[in-house]
Amino acid sequence: MRKALRWLLALTVLIGTLSTAGSATAAQPEATDIKDRLLAIPGMSLVEEKPYTGYRFFVLNYAQPVDHRHPSKGTFQQRITVLHKDVSRPTVFYTGGYNVSTTPSRREPTQIVDGNQISMEYRYFTPSRPAPADWTKLDIWQAATDQHRIFTALKPVYDQKWISTGGSKGGMTATYYERFYPRDMDGVVAYVAPNDVVNREDSAYDEFFANVGTEECRDRLNGVQREALVRREPLEQRYAAYAAENGYTFKTVGSLDKAYEATVLDYVWGFWQYSLLSDCDTVPADAKNATDEEIWTSIDTIAGFSFYTDQGLEPYTPYYYQAGTQLGAPTIVFPHIERKYIRYGYLPPRYFVPRDIEMQFQPWAMRDVDRWVRTNARQMLFVYGENDPWGAEPFRLGKGARDSYVFTAPGANHGARVAGLVDSEKALATAKILEWAGVASASVQANPSAAKPLAKFDAKLDKRGVERTLRP
């Protein structure tokens with residue numbers, strides 16, 4: 001009887017839905033202009049349209065439930081952008097895991113497949129934040145479901161193949177999306193995505209810093225970092241003046257002293273994240289005899305003394321909240337610095353989130369994703385940089401993975417790309433992206449070494465710069 005009632009109810013809803021759809025079609029002819037089609041999607045609204053030759057670029061808001069498990073408990077406006085090429089082309093779904101840029105840009109897979117690009121702002125990064133913010137609803141499943149709803153809404157418009165992508169935290173996001181909604185995308189290209197499976201086990205990072213680059217370069221960096229702590233008193237006086245001049249405060253991290261040490265301890269990490277081995281010449285070679293100005297400038301240029309201020313941390317509260325509840329965060333040691341010079345050590349995420357926001361770590365979250373990737377990955381490509389600290393704990397593939405790859409670009413940093421891989425891997429990766437997007441030519445299918453991006457490089461649209469923050 002219960003099954004019969006459920007069947008009858010489902011039939012009634014289906015008939016009602018079809019009747020409504022039929023009436024809407026009769027009353028409103030299908031829109032043909034892409035803007036009209038996008039704005040016909042329930043919950044979609046236009047912020048602005050910006051011109052770009054060969055494309056149409058839209059900044060949009062999309063109404064999302066604050067809690068996808070209980071959609072009736074309120075919504076928020078999530079910002080997305082659409083770089084429209086043609087509905088007959090494949091679509092790349094991109095997120096950096098942070099704010100979305102409202103300037104037209106094209107990620108590497110979009111250039112490779114010559115397609116459309118949908119870019120999503122990650123939930124809780126302003127302005128895509130509910131008010132008031134219930135921080136318990138900021139987790140990887142809720143964010144993946146944001147993507148799923150956007151994909152479901154846009155798939156009738158862009159009905160060709162879809163590939164998700166992202167760099168750093170965006171690469172992590174693309175991976176989590178695939179874990180929870182493996183039937184949505186036709187392929188995944190995840191760049192420089194950290195995979196902190198066991199949050200308390202971080203020896204891989206220590207091993208990385210002991211061997212990265214050359215001994216000469218490591219010695220230069222270690223020397224400057226140590227000297228900045230040896231000269232703590234005079235340099236903190238300068239820091240205090242700098243903070244006063246710029247109106248910086250330190251309520252979140254706790255004190256100027258903690259912010260100073262945190263910045264200095266980020267220095268070596270920051271160099272390898274954003275610089276190349278060839279940049280070692282810019283680091284003072286003899287730190288002990290360097291001036292205070294030289295030490296300050298080197299630390300500030302690479303790590304940035306403004307970051308651990310309240311004003312610097314505030315935009316990244318959602319990241320640190322996730323790092324302290326699900327993603328995990330590395331803790332590294334500093335064998336080249338005597339214990340007497342380090343007062344706090346590498347601070348955990350709790351220090352970078354306002355105390356009125358509660359946090360509780362969920363150790364099972366990353367273990368679940370890691371296990372899923374090892375055993376279920378299908379048509380997934382992971383790209384890492386050889387000299388990028390965040391790649392010390394990468395995603396790995398197990399026996400259950402199919403048509404999936406992990407490649408490392410030699411000498412590359414946190415901006416590693418397919419274009420930086422060795423020739424054979426670059427060709428294979430490019431061929432796979434084209435294949436997954438449904439646009440691989442017969443010659444590429446027969447010979448992957450012939451694979452090349454379908455769209456010409458555009459200096460403005462394809463600018464590959466990475467956001468300069470020491471977060472993933």
Side-chain angles (χ1 to χ4, degrees), residues 13-14 16-50 56-85 87 91-102 104 116-160 162 164 166 170 173-174 176-177 180-181 183-185 318:
V13 171
L14 178 61
T17 302
L18 292 174
S19 299
T20 302
S23 299
T25 302
Q28 297 178 336
E30 182 180 355
T32 55
D33 182 78
I34 188 58
K35 181 167 73 172
D36 293 337
R37 294 188 69 182
L38 292 172
L39 296 182
I41 297 171
M44 195 75 74
S45 59
L46 179 68
V47 176
E48 62 178 327
E49 178 178 358
K50 295 182 178 180
R56 293 183 70 181
F57 181 75
F58 304 97
V59 181
L60 304 160
N61 277 332
Y62 184 58
Q64 292 276 24
V66 175
D67 183 356
H68 289 285
R69 292 185 174 89
H70 302 96
S72 64
K73 293 188 176 181
T75 62
F76 71 101
Q77 295 295 311
Q78 186 169 36
R79 192 165 57 171
I80 67 172
T81 66
V82 175
L83 184 69
H84 171 78
K85 175 79 174 181
V87 294
T91 298
V92 172
F93 197 167
Y94 166 78
T95 179
Y98 294 88
N99 292 104
V100 70
S101 171
T102 56
N116 310 290
Q117 181 176 297
I118 312 300
S119 301
M120 180 192 85
E121 187 161 71
Y122 202 95
R123 61 166 41 211
Y124 283 58
F125 284 88
T126 55
S128 299
R129 181 182 297 180
D134 177 358
W135 290 92
T136 65
K137 302 304 180 288
L138 174 57
D139 62 42
I140 60 174
W141 180 84
Q142 295 281 0
T145 308
D146 287 343
Q147 286 193 265
H148 173 66
R149 287 191 76 251
I150 293 169
F151 164 73
T152 302
L154 290 173
K155 179 63 173 177
V157 178
Y158 297 103
D159 61 359
Q160 301 301 301
W162 282 60
S164 65
T173 301
Y176 307 153
Y177 176 33
F180 292 116
Y181 295 96
R183 294 182 179 85
D184 282 7
M185 296 289 104

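Sequence positions, counted from 1, serve as the residue numbers for this chain.
Val92 is not listed as a side-chain neighbour of Asn116, based on a closest heavy-atom distance of 4.5 Å or more. In this structure, Arg69 and Gln142 have side chains that are in contact, with non-hydrogen atoms separated by less than 4.5 Å. Met120 is not listed as a side-chain neighbour of Ser128, based on a closest heavy-atom distance of 4.5 Å or more.
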Worksheet item: Should Val157 and Val87 be marked as a side-chain contact (heavy atoms from CB on, under 4.5 Å) after you check the CA-CA gap, both sets of side-chain angles, and the distance that decides it?
Response: CA-CA 7 Å; Val157 178; Val87 294; 4.3 Å; yes
Worksheet entry | Worked check of side-chain contact (heavy atoms from CB on, under 4.5 Å) between Thr91 and Lys155 | CA-CA 9 Å; Thr91 298; Lys155 179 63 173 177; over 6 Å; no
Item to complete: In sequence, state the C-alpha distance, the side-chain angles, and the governing distance for Ile80 and Met44, and then conclude on side-chain contact (heavy atoms from CB on, under 4.5 Å).
Response: CA-CA 10 Å; Ile80 67 172; Met44 195 75 74; 3.9 Å; yes
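The line from CZ of Arg37 to CG of Leu154 is 10.5 Å long, rounded to the nearest 0.5 Å. One distance of note links CD of Gln147 with CG of Asp184; it measures 9.0 Å at 0.5 Å rounding. Rounded to the nearest 0.5 Å, atoms CG (Leu39) and CD1 (Ile34) are 9.5 Å apart. Residue Arg56 holds its CZ atom at 4.5 Å from CG of Asp33, rounded to the nearest 0.5 Å. One finds the OG1 atom of Thr81 at 9.5 Å from the OH atom of Tyr94 (value rounded to the nearest 0.5 Å). One finds the OG atom of Ser45 at 12.0 Å from the CZ atom of Arg79 (value rounded to the nearest 0.5 Å).
Annotation: salt bridge (Lys or Arg N to Asp or Glu O under 4.0 Å) contacts of Arg129 (sequence neighbours excluded): none.
When every heavy atom of Leu138 is checked against every heavy atom of Pro318, the shortest pair comes out as CD2-O, 3.6 Å. Pairing each heavy atom of Arg149 with each of Pro65, the nearest pair is NH1-CD, 3.5 Å. Across all non-hydrogen atoms, the minimal contact from His68 to Asp146 is NE2-OD1, 2.6 Å. The heavy-atom pair separating Pro156 from Ala153 by the smallest distance is CD-O, 3.5 Å. The two atoms that bring Gly97 and Thr95 nearest to each other are N-OG1, 3.0 Å, heavy atoms only. The minimum heavy-atom distance between Ser164 and Ala174, with the atom names listed, is OG-CB, 4.0 Å.
Under the 3.5 Å distance criterion, the side-chain polar atoms of Tyr124 are left unmatched by any main-chain donor or acceptor of Pro130. Remark: side-chain polar atoms of Asn99 are paired, donor with acceptor, to backbone N or O of Thr126 under 3.5 angstrom. Side-chain atoms of Arg123 come within 3.5 Å of backbone atoms of Lys137 as a donor-acceptor pair (strictly under, hydrogens ignored).
The pair Lys73-Asp67 does not count as a salt bridge, with every side-chain nitrogen at least 4.0 angstrom from each carboxylate oxygen.
Aromatic ring orientation, Tyr122 versus Phe125: perpendicular (interplanar angle above 60°, classes split at 30° and 60°). Tyr158 and His84 have tilted rings, their planes meeting at an angle from 30° to 60° on a 0 to 90° scale.
For the pairing with Phe151, the ring pair (Phe, Tyr, Trp, His ring centres under 6.0 Å) check across Phe93, Trp162, Tyr181 returns one residue only, Trp162.
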